[in-house]
Amino acid sequence: MAKLTILAVAFVALIAFAQATRTTVTTTVLEEEDNPGQQQRCRQQIQREDNLRDCQMYLQQQMRGRYDKVAMITETNPHQQLRQCCQQMENLDEQCRCEGLREAMRQQRGQGQMQEEMMREMMQQAENLPSKCDLSPRRCQIRASIF
């Protein structure tokens with residue numbers, strides 16, 4: 001009977017911990033959306049980092065390399081371009097990085113130089129850029145806010 005009681009207590013503790021973690025994440029997201037001061041700070045930081053221009057260039061380079069191997073040979077070193085992109089993202093507050101990438105993708109889309117399929121692939125790569133740079137958050141939601 002004692003083993004059953006210990007097991008039940010452990011199970012309840014696990015459920016309580018999972019519930020608390022989920023609530024914290026939800027609360028954080030809501031606070032970011034409802035904080036106009038934070039949004040303004042992010043816009044200023046993103047503009048100061050030239051709308052993550054180095055990240056835009058890195059992503060363009062990746063797309064050209066996928067579709068045009070000759071262009072990839074003559075391009076700037078992709079590792080150097082990625083480092084510059086990571087530096088720009090690191091200069092943003094953590095809570096501004098995803099918005100910075102979304103703005104960079106809006107700019108790319110506004111230029112209208114890419115086919116829809118290439119643009120979707122670029123956005124998918126952009127979503128994973130923080131992870132490539134070993135920054136938090138590890139992944140950003142971009143596509144839903146652009147289309």
message = Nearest 0.5 angstrom please: Glu121 CD to Glu116 CD, how far?
response = 11.5 Å

query = Roughly how far, to the nearest 0.5 Å, is the CG atom of Asp50 from the CE atom of Met57?
reply = 10.0 Å

task = Look at Glu99 together with Arg106 and state whether they make a salt bridge at an N to O cut-off of under 4.0 Å.
result = yes

ask   = Please walk me through it: do Arg41 and Gln95 pass side chain to side chain contact (heavy atoms under 4.5 Å, CB included)?
value = CA-CA 10 Å; Arg41 275 193 304 281; Gln95 54 271 50; 5.9 Å; no

Spacing of Leu129 atom CG and Cys85 atom SG [to the nearest 0.5 Å] = 4.5 Å

inquiry  = Tell me whether Arg97 contacts the main-chain N or O of Ser136 through its side chain, where contact means a donor paired with an acceptor under 3.5 Å.
reply    = yes

request  = Please confirm whether the backbone N or O of His79 pairs with a side-chain atom of Asn77, one donor and one acceptor, at under 3.5 Å?
outcome  = yes

query = Within a reach of under 6.0 Å around CD of Gln115, are more than 12 heavy atoms found that belong to other residues, nucleotides or ligands?
reply = no

ask   = So Met63 and Met119, side chain to side chain contact (heavy atoms under 4.5 Å, CB included) or not? Walk me through it.
value = CA-CA 9 Å; Met63 290 296 97; Met119 192 68 208; over 6 Å; no

key: Between CD on residue Gln108 and CG on residue Asn51, distance to nearest 0.5 Å   = 10.5 Å

task = May I ask you to decide whether Arg120 forms a salt bridge with Glu117, counting only side-chain N to carboxylate O separations under 4.0 Å?
result = no

inquiry  = Are Gln62 and Pro78 packed together at the side-chain level, in the sense that at least one heavy-atom pair is separated by less than 4.5 angstrom?
reply    = yes

Gly100 versus Leu52, closest heavy-atom pair with distance = C-CD1, 3.4 Å

request  = Give a yes/no on whether the SG-to-SG distance for Cys98 versus Cys140 is below 2.5 Å.
outcome  = yes

remark   = For Ile142 and Glu127, the nearest pair of non-hydrogen atoms, with its separation, is N-OE2, 3.1 Å

ask   = Can you name the nearest heavy-atom pair linking Pro130 to Arg138, along with the distance?
value = CB-O, 3.7 Å

note = In this structure, CD of Gln87 is separated from CG of Leu135 (nearest 0.5 Å) by 9.5 Å

Stepwise side chain to side chain donor-acceptor pair (under 3.5 Å) test for Arg43 and Gln40 = CA-CA 5 Å; Arg43 271 189 292 253; Gln40 181 62 29; 3.3 Å; yes

task = Evaluate side chain to side chain contact (heavy atoms under 4.5 Å, CB included) for Arg64 paired with Gln60, printing each intermediate quantity in order.
result = CA-CA 6 Å; Arg64 281 193 299 271; Gln60 286 174 355; 3.7 Å; yes

inquiry  = Does Gln124 form a side chain to side chain donor-acceptor pair (under 3.5 Å) with Asn128? I'd like the steps, not just the answer.
reply    = CA-CA 7 Å; Gln124 188 173 5; Asn128 296 312; over 6 Å; no

task = Please report the C-alpha distance between Gln56 and Arg53 in whole Å, then the side-chain angles of each, then the deciding distance to 0.1 Å, and finally whether the side chain to side chain donor-acceptor pair (under 3.5 Å) criterion is met.
result = CA-CA 5 Å; Gln56 292 180 50; Arg53 185 75 187 132; 3.1 Å; yes

query = Can any side-chain N or O of Gln88 pair as donor or acceptor with the backbone N or O of Glu49 at less than 3.5 Å?
reply = yes

ask   = Can you tell me if Gln84 uses its side chain to pair, donor with acceptor, with the backbone of Asp54 under 3.5 Å?
value = no

key: Residue pair Cys96 / Gln38, side-chain heavy-atom distance below 4.5 Å   = yes

task = Quick one: pull up CZ in Arg102 and SG in Cys42 and give me the separation to the nearest 0.5 Å.
result = 9.5 Å

